[in-house]
A.B. asks: 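Right, I'll just put the structure down here and ask away after.
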Amino acid sequence: MQPERTLLAWQRTIALMVVVGLLFLRGSLVPGDDNVPEAPLVLRVATMTVLLVLGLVLGVHLGLRWRGSEHGKRAPGTGGPPLHVARPWAMAVLCAGVLVLSGVLMLTVLLGF
(Lines give C-alpha, C1' and ligand atoms only; values in the text may rest on other atoms or scores of the structure.)
Protein backbone atom coordinates (compact mmCIF):
# COMPACT_ATOMS: atom_id res chain seq x y z
CA MET A 1 0.00 0.00 0.00
CA GLN A 2 2.78 2.44 0.87
CA PRO A 3 4.56 2.29 -2.55
CA GLU A 4 1.30 3.15 -4.33
CA ARG A 5 0.75 6.19 -2.12
CA THR A 6 4.30 7.34 -2.70
CA LEU A 7 3.94 6.93 -6.46
CA LEU A 8 0.67 8.86 -6.42
CA ALA A 9 2.29 11.64 -4.38
CA TRP A 10 5.09 11.93 -6.94
CA GLN A 11 2.57 12.00 -9.79
CA ARG A 12 0.51 14.72 -8.07
CA THR A 13 3.63 16.78 -7.47
CA ILE A 14 4.68 16.55 -11.12
CA ALA A 15 1.16 17.41 -12.30
CA LEU A 16 0.98 20.39 -9.94
CA MET A 17 4.34 21.65 -11.16
CA VAL A 18 3.08 21.57 -14.76
CA VAL A 19 -0.17 23.33 -13.77
CA VAL A 20 1.77 26.11 -12.03
CA GLY A 21 3.86 26.45 -15.18
CA LEU A 22 0.72 26.70 -17.29
CA LEU A 23 -0.64 29.40 -15.01
CA PHE A 24 2.62 31.32 -15.40
CA LEU A 25 2.48 30.83 -19.18
CA ARG A 26 -0.97 32.31 -19.55
CA GLY A 27 -1.28 35.94 -20.48
CA SER A 28 -4.01 38.46 -20.89
CA LEU A 29 -7.07 37.28 -22.78
CA VAL A 30 -7.33 40.63 -24.55
CA PRO A 31 -4.32 41.57 -26.73
CA GLY A 32 -2.78 44.86 -25.68
CA ASP A 33 -4.56 44.89 -22.32
CA ASP A 34 -2.26 46.42 -19.69
CA ASN A 35 -4.44 45.66 -16.66
CA VAL A 36 -2.70 42.36 -15.96
CA PRO A 37 1.10 42.65 -15.77
CA GLU A 38 2.87 39.70 -17.33
CA ALA A 39 6.43 38.54 -17.96
CA PRO A 40 7.83 38.61 -21.50
CA LEU A 41 6.63 35.75 -23.68
CA VAL A 42 10.16 34.35 -24.11
CA LEU A 43 10.57 34.00 -20.33
CA ARG A 44 7.16 32.39 -19.93
CA VAL A 45 7.76 29.88 -22.73
CA ALA A 46 11.27 29.06 -21.45
CA THR A 47 9.93 28.47 -17.94
CA MET A 48 7.16 26.22 -19.21
CA THR A 49 9.59 24.29 -21.41
CA VAL A 50 11.92 23.65 -18.48
CA LEU A 51 9.01 22.49 -16.33
CA LEU A 52 7.70 20.16 -19.04
CA VAL A 53 11.14 18.61 -19.56
CA LEU A 54 11.58 18.24 -15.80
CA GLY A 55 8.15 16.62 -15.48
CA LEU A 56 8.88 14.30 -18.39
CA VAL A 57 12.25 13.19 -16.97
CA LEU A 58 10.80 12.57 -13.51
CA GLY A 59 7.72 10.82 -14.91
CA VAL A 60 9.81 8.47 -17.07
CA HIS A 61 12.11 7.74 -14.12
CA LEU A 62 9.19 6.93 -11.85
CA GLY A 63 7.54 4.75 -14.46
CA LEU A 64 10.67 2.75 -15.10
CA ARG A 65 11.37 2.31 -11.39
CA TRP A 66 7.75 1.31 -10.76
CA ARG A 67 7.79 -1.33 -13.48
CA GLY A 68 11.25 -2.52 -12.46
CA SER A 69 10.13 -3.12 -8.89
CA GLU A 70 7.13 -5.19 -10.02
CA HIS A 71 4.73 -2.37 -9.13
CA GLY A 72 6.36 -1.66 -5.78
CA LYS A 73 6.53 -5.29 -4.62
CA ARG A 74 10.22 -6.25 -4.95
CA ALA A 75 13.51 -4.42 -5.27
CA PRO A 76 15.27 -5.60 -8.45
CA GLY A 77 18.62 -6.38 -6.79
CA THR A 78 17.60 -7.92 -3.47
CA GLY A 79 14.13 -9.31 -4.05
CA GLY A 80 12.93 -7.66 -0.83
CA PRO A 81 10.53 -4.75 -0.54
CA PRO A 82 11.77 -1.61 -2.33
CA LEU A 83 13.04 1.18 -0.13
CA HIS A 84 12.14 4.07 -2.42
CA VAL A 85 9.98 4.61 -5.47
CA ALA A 86 12.44 7.15 -6.89
CA ARG A 87 16.18 7.60 -6.61
CA PRO A 88 17.54 10.40 -4.40
CA TRP A 89 18.67 12.38 -7.46
CA ALA A 90 15.02 12.69 -8.49
CA MET A 91 14.18 14.51 -5.26
CA ALA A 92 17.19 16.80 -5.75
CA VAL A 93 16.13 17.57 -9.33
CA LEU A 94 12.56 18.23 -8.23
CA CYS A 95 13.72 20.56 -5.44
CA ALA A 96 16.05 22.41 -7.82
CA GLY A 97 13.24 22.81 -10.35
CA VAL A 98 10.85 24.19 -7.76
CA LEU A 99 13.58 26.53 -6.47
CA VAL A 100 14.25 27.84 -9.98
CA LEU A 101 10.52 28.31 -10.62
CA SER A 102 10.17 30.19 -7.33
CA GLY A 103 13.12 32.40 -8.25
CA VAL A 104 11.70 33.20 -11.67
CA LEU A 105 8.30 34.02 -10.19
CA MET A 106 9.87 36.23 -7.52
CA LEU A 107 11.97 38.09 -10.06
CA THR A 108 9.01 38.75 -12.33
CA VAL A 109 7.07 40.19 -9.39
CA LEU A 110 9.97 42.28 -8.10
CA LEU A 111 10.82 43.62 -11.56
CA GLY A 112 7.19 44.50 -12.19
CA PHE A 113 6.49 42.28 -15.20
Side-chain angles (χ1 to χ4, degrees):
M1 181 76 168
Q2 180 62 31
E4 291 89 1
R5 289 195 307 246
T6 306
L7 178 68
L8 289 173
W10 273 96
Q11 290 172 341
R12 283 191 307 267
T13 302
I14 293 169
L16 185 62
M17 190 173 53
V18 172
V19 167
V20 168
L22 286 172
L23 288 173
F24 184 67
L25 182 64
R26 70 162 173 74
S28 176
L29 297 176
V30 179
D33 187 16
D34 294 338
N35 293 336
V36 179
E38 58 188 40
L41 182 62
V42 174
L43 179 63
R44 292 184 288 156
V45 170
T47 303
M48 189 62 219
T49 303
V50 168
L51 288 175
L52 284 176
V53 169
L54 182 62
L56 180 67
V57 167
L58 290 174
V60 167
H61 171 67
L62 287 172
L64 291 175
R65 291 271 297 180
W66 184 249
R67 287 187 188 96
S69 67
E70 297 179 22
H71 302 285
K73 295 177 186 168
R74 292 182 181 80
T78 63
L83 297 177
H84 307 288
V85 174
R87 298 258 184 218
W89 67 262
M91 180 60 80
V93 168
L94 177 66
C95 290
V98 170
L99 181 65
V100 167
L101 176 63
S102 301
V104 168
L105 293 175
M106 257 188 358
L107 280 176
T108 56
V109 169
L110 291 175
L111 295 176
F113 289 130

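Predicted model only: the values in this text are computed from it and were never measured. Note: hydrogens, waters and symmetry copies are ignored here, and every other heavy atom, side chains too, is used.
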A.B. asks: Is there side-chain contact between R44 and T108, with heavy atoms separated by less than 4.5 Å?
C.D. replies: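 No. Closest side-chain heavy atoms not under 4.5 Å.
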A.B. asks: Would a hydrophobic clustering, with Ile, Leu, Val, Met, Phe, Trp and Tyr connected at side-chain separations under 4.5 Å, put L99 with V19?
C.D. replies: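 Per the 4.5 Å side-chain linkage, L99 and V19 are not co-clustered.
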A.B. asks: With a 4.5 Å limit on heavy-atom distance, are the side chains of Q11 and I14 in contact?
C.D. replies: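 SC-SC contact between Q11 and I14 ruled out.
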A.B. asks: Shortest non-hydrogen contact from L51 to M17?
C.D. replies: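 L51 and M17 have their closest heavy atoms at CD2-CG, 3.6 Å.
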A.B. asks: Do W89 and M91 sit in the same hydrophobic cluster, where Ile, Leu, Val, Met, Phe, Trp and Tyr count as joined when their side-chain heavy atoms come under 4.5 Å apart?
C.D. replies: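 The answer is yes; both residues are in one hydrophobic cluster.
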A.B. asks: Pick one: which of L105, V98, V100 meets side-chain contact (heavy atoms from CB on, under 4.5 Å) with S102?
C.D. replies: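 The single option meeting the side-chain contact (heavy atoms from CB on, under 4.5 Å) with S102 is V98.
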A.B. asks: Transitively linked via ILVMFWY side-chain contacts under 4.5 Å: L56 with V50?
C.D. replies: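 Per the 4.5 Å side-chain linkage, L56 and V50 are not co-clustered.
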A.B. asks: For a 4.5 angstrom cut-off between non-hydrogen side-chain atoms, does W10 reach H61?
C.D. replies: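 A side-chain contact is absent here, since even the closest heavy-atom pair is not under 4.5 Å.
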A.B. asks: Quick check for you: to the nearest 0.5 Å, what is the distance between L22 atom CG and T47 atom OG1?
C.D. replies: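 Output value for this atom pair is 12.0 Å.
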A.B. asks: Is the shortest side-chain heavy-atom distance between V57 and V93 below 4.5 Å?
C.D. replies: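 Not touching, per the 4.5 Å side-chain cut-off.
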A.B. asks: Rounded to the nearest 0.5 Å, how far apart are CG of L111 and CG of L43?
C.D. replies: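 Those atoms lie 9.5 Å apart.
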